[in-house]
Each structure stands twice: as C-alpha cells, then as structure tokens.
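The sequence lines fix the lettering, A, B, ..., with proteins before strands; numbering per chain opens at 1.
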Protein chains: 2
Amino acid sequence: MKPNTTLKKLSHTLGLSISTVSRALKNHPDISEATRQKVWELANVLEYEPNTYAINLRTNNSKLFGLIVPVISSYFYDSLIASLEEEARLHGYSLLILQSGDDPLVEQANLKLCKQNRVAGVFAAVTKETLDITSFLKLSENDIPVIFLDKVPTYAHCNKICVADADAARIAAETLLSHKKKKILALFGNSHLSITRERQKAFRTSIDESGKKVRLFIQEANHPAEACERILKAWAATAKPDAIFCMSDEILTGVMKAVQQLKLNIPEDAGIIAISNGFIPQLYYPEITYVETSGFKLGKLAYTRMMAIMAGSSFIQQMQVDALLVKGGSI
Amino acid sequence: MKPNTTLKKLSHTLGLSISTVSRALKNHPDISEATRQKVWELANVLEYEPNTYAINLRTNNSKLFGLIVPVISSYFYDSLIASLEEEARLHGYSLLILQSGDDPLVEQANLKLCKQNRVAGVFAAVTKETLDITSFLKLSENDIPVIFLDKVPTYAHCNKICVADADAARIAAETLLSHKKKKILALFGNSHLSITRERQKAFRTSIDESGKKVRLFIQEANHPAEACERILKAWAATAKPDAIFCMSDEILTGVMKAVQQLKLNIPEDAGIIAISNGFIPQLYYPEITYVETSGFKLGKLAYTRMMAIMAGSSFIQQMQVDALLVKGGSI
DNA sequence: ATGAAAGCGCTAACAC
DNA sequence: GTGTTAGCGCTTTCAT
C-alpha cells in the first residue's frame, strides 16, 4: 500500500511550510510564481489529492447531497436520479443514493446516514407509509435543506416538488373529450395515495364539467396484472369502452398486455391515453399518446431549488413540473 | 442553526473527559455501568451523531463504495444499482453513484472523486471508449479494490464480473433449434463491442455445430428504430423468417414494435427469443421467452467479491453470472 | 475506571 | 511572501 501524498509530505520534501504549500496549491496571490510552480510540479509528480475528509471536517460541510427514494429501478426514479446526479456533478457535488425499499424504518436509518455524512442537502421521495416527517424537518435546524420530490408528505410547511398531477389528468381528460370519446374506462392506482386522489379528482371533474354526455367508468388497479384483468373483463362484456385512460406507466403496461391479447386495433377499437414518464409509451405500435410527467425535468427543477435554498432563500414553497401532451397514434 | 452535538460537548456537560465519553459510547468494557448509562442518556437527549468525517480522517477509511456507470437509467444498470445499494446498506456501507455519460473524461473525473473520497472500493462499468485503465489499476496500489462490472476492459489482469454472454447466446440458439426453427433472423448490437462479438460468435457456433440445416441471417441494429426497420424489411420479402433472436432488450423493443405494426401472431407467425434482464419481456403478450442476464444477481455477486477482496483475497479473477432460460409464450 | 495528550490532513487568522 | 499556531471531532496509547 502506497501512502497518500499529503501537504505535510510535499512541504517536507520542498523545505517549505505546510501553509505555503496549501496556498500555492490554491493559487493564492500571496505566493511567488517560483514557489507556486515548484509546488504544483511536485504535487503532480506525487499525484497529490486533497483529503476530502480533512477538508470537510475543517470546513464542516461537504460536497455531497443525499437522495432517498423508495426504489431505484422504477418507471420514474431512474430518470430522476440520472438528472439529479448529472446536475450535481456539473456543480461539483456528488450524490449519496439510498433506497428505503418503501420501509419507513429503513428510511429513518437512511436519513441518519445523511446526517452523519453531514450532507449539504437531502432530496427525498418518501415511502407510502411515511406520516411523521419530524426527523426530516429536524435536519433543517441543522442547516441541511430538505426537498421532497414526487412522493411528498401532506404536511404543508415544507419544500415540495411534484409533477402537476391535476393538470396532467385534466389534459388527458380534455384530450379524450376532444376526440369525442363517449365511454371511457379510467384506471387508477392505489386510492390511498395522494397522487391517485389528485389525478382522479381532476380527471372526473374535467369530464363532469365539460357538460358532454360521457359515460365514465373508474376502476382501481394496484399492479399491471390487475389492470390487464380489468381490460379483459371490460371486453368480455357487450358494450365496450371506446377509450382507456391509464393513470401511470405501471397501469399502462398491464393494459397493453390485454390489448395485445385481445388483438385490439388501436386506435380504431379503442383510444388509449396515459400519464407517463415517456419511456413505456414508445415501446408500442402505435406509440401511446401520453401526458408527460418527466423525472428528468423534476430532477433539474429540484436541483435548482436546492441551490436557491442554499443561497439563502428561506422561502418555503411547492413547485410543479408542468404536464405536457405528447402525441402518439393511440387516440 | 443548531450546532451538532460533539464528544466535547457531552464530556463538558457531564464533567467527564472526552475519551471516557468516547469509550462509553462504544460500550468499552473499561467503563463503569453507571458512567455508560449517563453518557448514553445524554447522548440520546442531545441526539449525538458521530461525525463521519472525523472518524474517516482518523481511521483513514470510509464506509463508502464508489460506483461508476455509463448511465443510470437503462435496461440494465438500474437493477444492478438497486441490488448493489441494498447489499451495501445491509453491511453498513453506502454507495456513491457516478455517471460517466459514456464519456472517458467524465469517467476519469469520477474516478478522481472516488479517490478523493477515499472510498473503500470501486465498482465500475466502463465506457465504450475506455481503453486505458491504468488509472483504475493505480487505485489498487492505494489499497482501493476495483471490480469491473458488465462492461469490462479487455485487459486481463483485473477483477471482472460479467454476464455469461457466450452461454446466454448458446442457450438461445439451442432453444431455437429445439423448436425446429429453420430460418432465423438474429439481430445484434454494435459490432465493435466485445459483448456483441461474444454473443454473436457463440450464437453462430451453436447453430453451425448443431449440424442442423438452418438458415441464419445475422444483422446489426444499433438502436430500437433500426431493429424495427430490419423486421419490417424482412417481412416485406416473400420468404419470411420463422424465428427472431434479439441480442438485447434494446433490440427487443424495436422488434416488438414491428411485430405490433405487422400484426404478427406470436409464436405462430414467428418465434421470438431474446437475451434480457427480464423487465421488457413481460410487457408483451404473449410474454417473450428470454435468457436472463440479471443485473440483480450481478450486483450481489460483485458485492460478495468485493468483500472477499477486502478480506484479503488478492486473487484476481473473472466471474460470471450464469444465464438462465425463462420461458414465456413467444416460441 | 478515567484522563491527558498526540495526531489524522487541512485551513486560516495572525505573526514577521 | 512565508511561517507559526490553533483547531475541526475523533481514536488510541499511555499514564494514573
């Protein structure tokens, strides 16, 4: 094992003091050009790398953000993570990524890890069961900003960034109406989740308030298989829907499996529209028309917000990534 | 801003020395039960969290692994990351995740970050253009083990863990043969990649050496759209293939789009088999039969290997995650 | 059973 | 321009 090069070692071999070397390496104006050169040269030869731990200990802050998500591999978080990581790297920060596995206890442990690592900030998508967020809020007292992403707690007084759930649902509903759909089967996820309730409420309201004569069937599907089942059943009946709305990618995959099984012609036999991150819809032919809720954009926005908070904006607010209709050929 | 609780503070308010408090918190046998109790109590009240940086600085090692991948959101790395993170967390380690964006320069910078963070080890999937791996190898001199994953350099003398490319291709070929396919269209990715060459060689050899009379058409498809195009063209001709082999998930998605467009009946019109991580194949009906190359398993294996190396196994070796046929209904 | 002291590598205020 | 010094929070050896 080759010991790491330190300031001490450099200063020793050069016959200079540690502080001079330190300053030279930072191109401090006080240092003479000759010394600066000498120091840099040796530093390069000996491959000096400053010890992050010493620096962090000294300065009491780190170039590290913590990110806590339920799961990494999902329809959504992978792109969120990718964009956050990129943004962080571009600004000289790194990401400590922790999975909670949707377990509040693991989430707590992860949060502790963030604290122990004295991260500069925490991004968090909470678990389905996270009700008590005091431990998150407590971080703020230690000057560690917390930004909730996507899956956010209901408690009002915290920084949140979500996709525009209501908007997305409304856009989808309006699109269906503008295509003169009369019998809509709308599939939503777990009705306990706020995201489901938001989307469902907006969807239903948009249809109702349009004044158009539309029959709306709302059903719950907690996983792809259930969504698939719903479609198979609907098509076993005599009066079939002329349009299907999918609240999420997860549901869309189930629906599309049924569509393939039934050999439905899309969009002739039924129109399909989904709320999605954008990856799944383009796997099918025709590509599925969807309202985009981008993990990428959410990541970027979250990072910007984090910077603002760190720069002093104590302003607490809820922000949204806007929803956008992306046309495929499924409607 | 509330300052963090430190040993100093605890010792001060308790009228004990720092070392006593430190030992008490570690349940050192020397410490009397009474003292131990007192210390723990106050530590809990004041929410003492040991400062990771001080510890790392002192002990010159960290509970952190670095992971460098080309991109996080992919058909493969997300599951790899998920399993590595889980494994690490269970052992008290965390993961510093860095994306190279398939850029060797960014990769170098990321590696430097790992070094500066004095990570306990590095997992890396290198970029397409990474030829010079001296900087990776140099880490080993500093007692930082490096394990290459999936996308590994050709240089022999390093720790590598891959999926069993040749085996997977062979299994796929044999499955096709056992189903008496006579005219096989096989789509492979970029032929410059070693993964492509490995799979292609094994696939062709298996077919050739079977002695069976089979017509094999090998084509290159660098992205889904190209794969889609290939199928559409093949089906525009008079003599159509009776089976399609997809080297990767990326290719499979393109192929399936064409299949939907052509309204092919699977497996009647053509059998389909792929090499895959397992997520994409189950999106379709019937589900696609595939040879599994699991990111999850690879992550687990890599972690085990890392532990072995850290425990002293200086043994350099190449390991493989074995390939496994998962039957769907597509053949 | 407890304390004193040195030191991990670095920064920065203060000399000269 | 360069050096001296103190200290970030912790561990650990050596006293007592």
Exercise for the section: Could you state the atom-to-atom distance from NZ of A:Lys26 to C1' of D:dT2 in whole Å? Expected result: 16 Å

Problem - Derivation and outcome, side-chain hydrogen bond (donor to acceptor under 3.5 Å, both in side chains), residues A:Arg305 and A:Asn159 - result: CA-CA 9 Å; A:Arg305 179 75 191 121; A:Asn159 281 288; 3.0 Å; yes

Handout entry: Atom pair distance, as rounded to whole Å: CG in B:Asp30 and C1' in D:dT13
Key = 13 Å

Practice task
Select base, sugar-phosphate, or nothing to describe what A:Leu57 touches, counting heavy atoms under 4.0 Å on all strands.
Solution key: base

Handout entry: ring-ring contact (aromatic ring centres under 6.0 Å, His included) between B:Phe148 and B:Phe136, worked out
Key = CA-CA 10 Å; B:Phe148 292 101; B:Phe136 282 98; 5.2 Å; yes

Exercise for the section: Taking only the side-chain heavy atoms of A:Thr20 (C-beta and beyond), determine which of C:dA1, C:dC8, D:dG3 contains the nearest atom. Expected result: D:dG3

Problem - Protein-nucleotide distance (A:Leu7, atom CG; C:dC8, atom C1'), rounded to Å - result: 13 Å

Handout entry: d(NE2, B:His28; P, C:dG3) in whole Å
Key = 14 Å

Problem - 5'-most by nearest nucleotide on DNA chain C - B:Pro29 or B:Thr59 - result: B:Pro29

Handout entry: Given D:dC8, C:dG3, D:dT2, the nucleotide with the shortest approach to the side chain of B:Lys8
Key = D:dC8

Exercise for the section: Report the nucleotide, chosen from D:dT12, C:dT2, C:dG9, that has the shortest atom-to-atom distance to any side-chain atom of A:Ala54. Expected result: C:dG9

Practice task
Please work out if B:Ser19 contacts a base, only the sugar-phosphate, or nothing of the nucleic acid, heavy-atom cut-off 4.0 Å.
Solution key: base

Problem - For atom NE2 of A:His12 and atom C1' of D:dG3, their distance in whole Å - result: 14 Å

Problem - For DNA chain D, the residues among residues 40-52 of chain B that have a non-hydrogen atom under 4.0 Å from it - result: B:Tyr48, B:Pro50, B:Asn51

Practice task
Would you indicate whether A:Gln318, at its atom CD, is surrounded by more than 12 heavy atoms from other residues, nucleotides or ligands within a distance under 6.0 Å?
Solution key: yes

Problem - Residues that B:Tyr93 engages under ring pair (Phe, Tyr, Trp, His ring centres under 6.0 Å), provided they are two or more places apart - result: B:Phe65

Problem - Crowding at CD, B:Gln317 (>12 non-hydrogen neighbours, <6.0 Å) - result: yes

Completion exercise
A:Ile18 atom CD1 is separated from C:dC10 atom P, nearest whole Å, by 8 Å

Practice task
Working to the nearest 0.5 Å, report the span between CG of B:Leu298 and CG of B:Leu84.
Solution key: 8.0 Å

Practice task
In whole angstrom, give the distance that lies between atom CD of B:Glu33 and atom P of C:dA1.
Solution key: 11 Å

Which donor-acceptor pairs under 3.5 Å do side chains of residues 20-29 of chain B form with protein atoms, sequence neighbours excluded?
unit_1	atom_1	unit_2	atom_2	d
B:Thr20	OG1	B:Ser17	OG	3.0
B:Asn27	OD1	B:Arg36	NH1	2.6
B:Asn27	OD1	B:Trp40	NE1	3.1

Problem - Closest to the A:Ile55 side chain, choosing from D:dT2, C:dC10, C:dT2 - result: C:dC10

Exercise for the section: Kindly say whether, by distance alone, the side chain of A:Thr35 makes a donor-acceptor pair under 3.5 Å with the base of D:dT2? Expected result: no

Problem - Donor-acceptor pair under 3.5 Å, B:Arg23 side chain vs C:dG3 base - result: yes

Exercise for the section: Assess whether one donor atom and one acceptor atom, taken from the side chain of A:Ser22 and the base of C:dA12, lie less than 3.5 Å apart. Expected result: no

Problem - Separation of atom CD in B:Gln37 from atom P in C:dA1, rounded to whole Å - result: 15 Å

